[in-house]
Amino acid sequence: MAKKDWMIIESELDEDQLKVLMATNDKSCLVSGCAGSGKSVLALIKAQRIQKEKGNNYQIIVFTKALCNYMNAGRKILGLQRDFYHHWYWQNRMRKPKADYVIVDEIQDFTREEIQEFINATNKNFFFFGDTAQSIYQGLKETMPVKGINRLFPIDKEPKNFTLYRNYRLPLPVARIAQYVGIDLEAFDEKTYKSKETAIPKFIRYNSFDEQINAIARILKLKQGILSDVGILLPHNNDVRNASTLLNKYGINHEVKYEDKEDWRSGINTLDFNTSNPKVMTYHSAKGLQFETVFLPGIVSFSDDANQNISERKALYVALTRTYRDLYVMYSGTLPVPLNIVPSNLYTISETEIVKDI
């Protein structure tokens, strides 16, 4: 099952995307753009151009294992000859090898020192893609805003800057809700959202987390054969593990990724982006990914700590913006801030409406 993302047609690119694609490979570039603007796709197409025009002395680095696996599906479709690396592996196992061209996706998740390592590993030119609004490690690491990267260079050595303004993935009904959650977002402009999808997101309350997962299992069974691209995203690794256990109990075949901070050997990663099985993972692991249908069970209140609160809000924003069609927000108790300030006319609330939708 090939993700439609990678089947890109140059004639369908907008003028901003085309500028990135056609930019010379003889100058470093910094590309910023919102969730759904096509950054990851363009990163791979850029690698394809480099391979065709300059040879295969390039490397592509991403922050997470999940995004690395996802983009590797695109690598095969596009005929790219080089393996991709997630950052930890590149840094610790590969020992930061050099290449003529270095392409990094999700650049907003790296520190100044890590970005400098990418620059030092570049023999000729680098191409960085990112979005500060999706930087979700506030308080955990001192990540660098995308626009701040220029400060690492003297004026005459600054990379060429590009901005992608249009959003092709995110349905407008979901975008309206995500706007209440995100931080460091550009001014909201409905005209920049190009998706034709019109499904209204669902905010549904259940008595317990178990009931939320039970509801997901029931929906998946009722829509068996219809839902073939599903992400079930949760705040923390323990939530993922618990959800996976319950999905097994309810007879749902799925793939899962979670880590055990105390014992790394106890983590699991069975994600395979060539299958139609639902994918279960944390918000953080879902960065850069997209799914036709996204379930967000286990929505809880955010921390009172200011830095952690910002990180949690950005993580939820990432999770909300992974869908290109349907969104299900599931919670118990009261709807937490900031979702409780979303106008009620922007979502539906009853399970009856889910059944009708099926």
Side-chain angles (χ1 to χ4, degrees), residues 33-37 108 131-140 145 165 167 169-193 195 197-209 211-213 215-216 231-236 239 282-284 286-287 290-291 293-354 357:
C34 62
S37 58
Q108 76 278 352
D131 175 19
T132 300
Q134 296 183 69
S135 177
I136 60 179
Y137 295 96
Q138 181 89 15
L140 300 178
Y165 294 100
N167 192 311
R169 178 179 69 230
L170 198 62
L172 185 56
V174 178
R176 292 188 180 113
I177 288 172
Q179 197 70 17
Y180 286 87
V181 176
I183 294 174
D184 297 325
L185 301 181
E186 298 291 337
F188 187 63
D189 182 357
E190 293 192 358
K191 296 191 295 297
T192 63
Y193 292 87
S195 169
E197 299 293 343
T198 59
I200 302 300
K202 299 171 176 64
F203 286 19
I204 309 159
R205 184 170 65 86
Y206 297 89
N207 291 324
S208 66
F209 182 74
E211 285 192 13
Q212 294 173 37
I213 305 303
I216 293 174
I232 303 172
L233 313 180
L234 298 109
H236 307 294
D239 301 323
T282 64
Y283 299 165
H284 290 71
K287 285 175 61 59
Q290 71 165 17
F291 304 94
T293 300
V294 167
F295 293 95
L296 301 182
I299 295 289
V300 295
S301 298
F302 294 143
S303 170
D304 291 331
D305 177 80
N307 283 334
Q308 189 172 347
N309 182 282
I310 291 173
S311 180
E312 290 170 347
R313 283 187 61 169
K314 287 190 172 185
L316 178 56
Y317 172 79
V318 166
L320 289 167
T321 57
R322 295 309 93 197
T323 181
Y324 59 89
R325 185 172 183 181
D326 296 309
L327 175 67
Y328 297 82
V329 173
M330 299 170 148
Y331 65 101
S332 300
T334 58
L335 195 61
V337 177
L339 292 175
N340 66 346
I341 64 173
V342 175
S344 59
N345 65 308
L346 297 184
Y347 56 85
T348 61
I349 62 173
S350 72
E351 189 166 327
T352 302
E353 290 171 286
I354 294 179
D357 185 52

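Values below: all heavy atoms of this structure, side chains included; hydrogens, waters and symmetry mates excluded. Residues take their numbers from the sequence shown, with the count starting at 1.
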Visitor: Please step through side chain to side chain contact (heavy atoms under 4.5 Å, CB included) for the pair Tyr328 and Ile216, ending with a clear verdict.
Guide: CA-CA 9 Å; Tyr328 297 82; Ile216 293 174; over 6 Å; no

Visitor: Glu211 and Met330: side chain to side chain contact (heavy atoms under 4.5 Å, CB included), yes or no, with the steps?
Guide: CA-CA 10 Å; Glu211 285 192 13; Met330 299 170 148; over 6 Å; no

Visitor: Would Ser332 and Gln212 count as a side-chain hydrogen bond (donor to acceptor under 3.5 Å, both in side chains) here? Give the steps.
Guide: CA-CA 8 Å; Ser332 300; Gln212 294 173 37; 2.9 Å; yes

Visitor: Kindly compute the distance separating NZ (Lys202) from CG (Leu327), expressed to the nearest 0.5 Å.
Guide: 9.0 Å

Visitor: Does CZ in Phe302 sit with more than 12 non-hydrogen atoms of other residues, nucleotides or ligands closer than 6.0 Å?
Guide: yes

Visitor: Mind checking the CD1-CZ spacing from Ile349 to Arg205? Nearest 0.5 Å is all I need.
Guide: 9.5 Å

Visitor: Identify the heavy atoms of Tyr347 and Val342 that sit nearest to each other, and give their distance.
Guide: CE2-O, 3.7 Å

Visitor: For Ile177 and Phe203, what are the C-alpha separation, side-chain angles and deciding distance, and is it a side chain to side chain contact (heavy atoms under 4.5 Å, CB included)?
Guide: CA-CA 11 Å; Ile177 288 172; Phe203 286 19; 3.8 Å; yes

Visitor: If I compare all heavy atoms of Arg322 with all of Lys287, which pair ends up nearest, and what's the gap?
Guide: NH1-C, 4.4 Å

Visitor: Could you report the tightest heavy-atom contact between Pro171 and Thr323, atom names first, then the distance?
Guide: CD-O, 3.6 Å

Visitor: Rounded at 0.5 Å granularity, tell me how far CD in Gln134 sits from CG in Leu185.
Guide: 9.5 Å

Visitor: Taking all non-hydrogen atoms of both residues into account, name the closest pair between Tyr206 and Ala215 and its distance.
Guide: OH-CB, 3.5 Å

Visitor: Calculate, to the nearest 0.5 Å, the distance between atoms CD1 and OG1 belonging to Ile232 and Thr293 respectively.
Guide: 10.5 Å

Visitor: May I ask you to decide if Val181's main-chain N or O and Arg313's side chain share a donor-acceptor pair within less than 3.5 Å?
Guide: yes

Visitor: Side chains of Pro201 and Val329, heavy atoms from C-beta outward: is any pair under 4.5 Å?
Guide: no

Visitor: Checking Leu233 against Val318 for the side chain to side chain contact (heavy atoms under 4.5 Å, CB included) test, could you report, in this order, the C-alpha distance in whole Å, the side-chain angles of both residues, the deciding distance, and whether it holds?
Guide: CA-CA 10 Å; Leu233 313 180; Val318 166; over 6 Å; no

Visitor: Out of curiosity, Lys314 NZ to Asn309 CG, how far, rounded to the nearest 0.5 Å?
Guide: 11.5 Å

Visitor: About how many Å separate OG1 of Thr198 and CD1 of Ile200, when rounded to the nearest 0.5 Å?
Guide: 7.0 Å

Visitor: Does Leu339 reach the side chain of Leu316, with side-chain heavy atoms less than 4.5 Å apart?
Guide: yes

Visitor: Between the side chain of Thr282 and the main-chain N/O of Leu234, is any donor-acceptor distance below 3.5 Å?
Guide: no

Visitor: Any donor-acceptor pair under 3.5 Å linking the side chain of Ser135 with the backbone of Gln108?
Guide: yes

Visitor: Between Ile299 and Pro336, is there a side-chain heavy-atom distance shorter than 4.5 Å?
Guide: yes

Visitor: Is Arg176 reaching over with its side chain to a backbone N or O of Glu190, donor-acceptor style, under 3.5 angstrom?
Guide: no

Visitor: Evaluate the side-chain proximity of Ser37 to Tyr165: yes if any heavy-atom separation is below 4.5 Å, no if none is.
Guide: no

Visitor: Which heavy atom of Ala175 sits nearest a heavy atom of Tyr193, and at what distance?
Guide: CB-CE2, 3.3 Å

Visitor: Measure across Tyr180 and Leu346 and return the closest heavy-atom pair with its distance rounded to 0.1 Å.
Guide: CE1-CD1, 4.1 Å

